[in-house]
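In this text, all values refer to a predicted model and were calculated from it rather than measured experimentally.
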Amino acid sequence: MNDSTLSLFVRVSQKHLEAEDIVSYELADPHGRPLPAFSAGAHVDVRVKEGVIRQYSLCGHPEERDRYFIGVLREPSSRGGSVAMHDEIEEGDLLQISAPKNHFPLEPAKRSVLFAGGIGVTPILCMAERLSHTQAQFDMHYCSRSRERMAFVDRLEQSAYADHVHFYYDDAPEAGKLDVATVAGEPDDETHIYVCGPSGFIDHVMSTCKAQGWPSSQLHTEYFSGVETTSEDDESFDVKIASSGATFSIPKDKSVYEVLSENGVEIMVSCEQGVCGTCLTRVLEGEPDHRDLYLDDDEHAANDQFTPCCSRAKSKTLVLDL
């Protein structure tokens, strides 16, 4: 785990239970200085504890520089980051974070349609704040298993853009069910669609929109966790470092990142699940076996870059621009 990008220290000025299993944290500079600017859809890397770095979307207003807001869902089955945030991080604690990064930015458009599933509301909320502030045309559709598990409801209902927000609860179908096809409508060159949430939710929205003819260039997603994979059918392959000519064998039970790190070849990593894009590396020769959720279909097809934290190779050798 590489934490050289974690250049900021912030203090937890508030910790608040937002919904069942969801806690928000207000982060501020310990000396009251303005924090680095960020744009809607951005996230920060947070050093939760030794060896554990996780990404959390900024869900506050992008014009606010005195504090950052993040929301964290407690996931007992995860790799420990969310549980540690809930159980070990308290008001007054200092956290080490990165400057904001944005792999999920708002694109210039006449109209935006925002879909949020569960904790996926965090970047979508920030987008709604920004779109409202600029008086842009948008609608937000927020789904959850129940109202009790839905964070930031009061904030949304009391916002200046409350009329643009629509809520859907799995346990209250009488309140209405999200019809993605109807909400998205026919493809429109002046509209962009954004979706964040569990993988199944994202896949449903994306497949529905694509079936209606929406081009990938107008569909934007951000996943919070990687694809579940098994190494049972994986085969070993070689990775060659272009600058030195050094070649390393990648066994079925280790990632490219792990082997290179063991041999002193440094690659910046963060999520280790192919979600954040931090480790993206150019491929000069060979065919990657893409297993990330960061690159889009066209970028996968180009085969000129891959995520060594989780992706592998279809060819016997990959030559990397390192």
Check: Can you list the steps and then say if H16 with Q14 is a side chain to side chain donor-acceptor pair (under 3.5 Å)?
Finding: CA-CA 6 Å; H16 179 67; Q14 281 190 26; over 6 Å; no

Next item on the list: Spell out, yes or no, whether F306 and L260 are grouped together once hydrophobic residues are joined by side-chain heavy atoms under 4.5 Å, including indirect joins.
Entry: yes

Checklist line | Q212 side chain vs A184 backbone, donor-acceptor pair below 3.5 Å | finding: no

Next item on the list: Run the numbers on L131 and H164 for side chain to side chain contact (heavy atoms under 4.5 Å, CB included), then give the verdict.
Entry: CA-CA 11 Å; L131 291 167; H164 298 269; over 6 Å; no

Margin query: Check this for me: K15, atom NZ, are more than 12 non-hydrogen atoms of other residues, nucleotides or ligands nearer than 6.0 Å?
Written below: yes

Next item on the list: State plainly whether one hydrophobic cluster holds both I267 and I241, where clusters connect Ile, Leu, Val, Met, Phe, Trp and Tyr through side-chain heavy atoms under 4.5 angstrom apart.
Entry: yes

Check: Shared ILVMFWY cluster between L125 and Y169, side chains joined below 4.5 angstrom?
Finding: yes

Notebook entry, point to check: Between R74 and D21, is there a side-chain N and carboxylate O pair less than 4.0 Å apart?
Noted result: no

Next item on the list: Decide whether V12 and L17 are clustered together by the hydrophobic rule: side chain heavy atoms of Ile, Leu, Val, Met, Phe, Trp, Tyr closer than 4.5 Å, transitively.
Entry: yes

Check: For E258, does its backbone N or O pair with a side-chain atom of S261 as donor and acceptor, under 3.5 Å?
Finding: no

Item checked: Y194 OH to F104 CZ distance, which is reported to the nearest 0.5 Å -> 8.0 Å

Item checked: Side-chain donor or acceptor of S132 paired with backbone N/O of E129 under 3.5 Å -> no

Notebook entry, point to check: In terms of side-chain geometry, is the basic nitrogen of R54 or D45 positioned less than 4.0 Å from the acidic oxygen of its partner?
Noted result: no

Checklist line | Heavy-atom donor-acceptor pair, T221 side chain to V195 backbone, under 3.5 Å | finding: no

Note to self: Taking the basic N atoms (NZ, or NE/NH1/NH2) and the acidic carboxylate oxygens, is any pair closer than 4.0 Å for R291 and D289?
What the structure shows: yes

Check: Taking it one step at a time, do V113 and V183 satisfy side chain to side chain contact (heavy atoms under 4.5 Å, CB included)?
Finding: CA-CA 8 Å; V113 182; V183 168; 3.9 Å; yes

Check: Between R11 and E91, is there a side-chain N and carboxylate O pair less than 4.0 Å apart?
Finding: no

Margin query: Using a 3.5 Å distance criterion without hydrogens, assess whether the side chain of T281 forms a donor-acceptor pair with backbone atoms of C279.
Written below: yes

Margin query: Does atom CD (E88) have a neighbourhood of more than 12 heavy atoms from anything else shown, all under 6.0 Å?
Written below: yes

Notebook entry, point to check: Would the Y68 and F38 ring centres measure less than 6.0 Å apart?
Noted result: yes

Note to self: Between Q218 and D188 (side chain of the first, backbone of the second, donor and acceptor by atom type, cut-off under 3.5 Å), is there such a pair?
What the structure shows: yes

Margin query: Salt bridge or not between R155 and E18? Use side-chain N to carboxylate O under 4.0 Å.
Written below: no

Note to self: Using only atom types and a distance under 3.5 Å, with no angle test, would you say the side chain of T122 pairs donor to acceptor with the backbone of I119?
What the structure shows: yes

Item checked: Exam field: side chain T317 to backbone V239, donor-acceptor pair closer than 3.5 Å -> no

Next item on the list: Spell out, as yes or no, whether a donor-acceptor pair under 3.5 Å connects the side chain of T307 to the backbone of C310.
Entry: no

Next item on the list: For this output row, return yes or no: ring centroids of Y294 and H103 closer than 6.0 angstrom.
Entry: yes

Note to self: Counting the benzene-type ring for Trp, do H166 and Y142 have ring centres under 6.0 Å apart?
What the structure shows: no

Item checked: Parallel, tilted or perpendicular: ring planes of H220 versus H192, cut at 30 and 60 degrees -> parallel

Margin query: Check whether R67 reaches the backbone of L27 with its side chain - one donor and one acceptor, N or O, closer than 3.5 Å.
Written below: no

Check: Under 3.5 Å, is there a donor-acceptor pair between the S13 and E26 side chains?
Finding: yes

Notebook entry, point to check: Going only through I, L, V, M, F, W and Y residues with side-chain contacts under 4.5 Å, is there a path from I193 to F201?
Noted result: yes

Next item on the list: Report the C-alpha separation of D292 and H300 in whole Å, then their side-chain angles, then the decisive distance to 0.1 Å, and conclude whether the side chain to side chain donor-acceptor pair (under 3.5 Å) test is met.
Entry: CA-CA 9 Å; D292 66 280; H300 282 159; 2.8 Å; yes

Next item on the list: Identify the residue among R147, R145, R149 that makes a side chain to side chain donor-acceptor pair (under 3.5 Å) with E20.
Entry: R149

Checklist line | Exercise: do T247 and D238 side chains pair donor with acceptor under 3.5 Å | finding: no

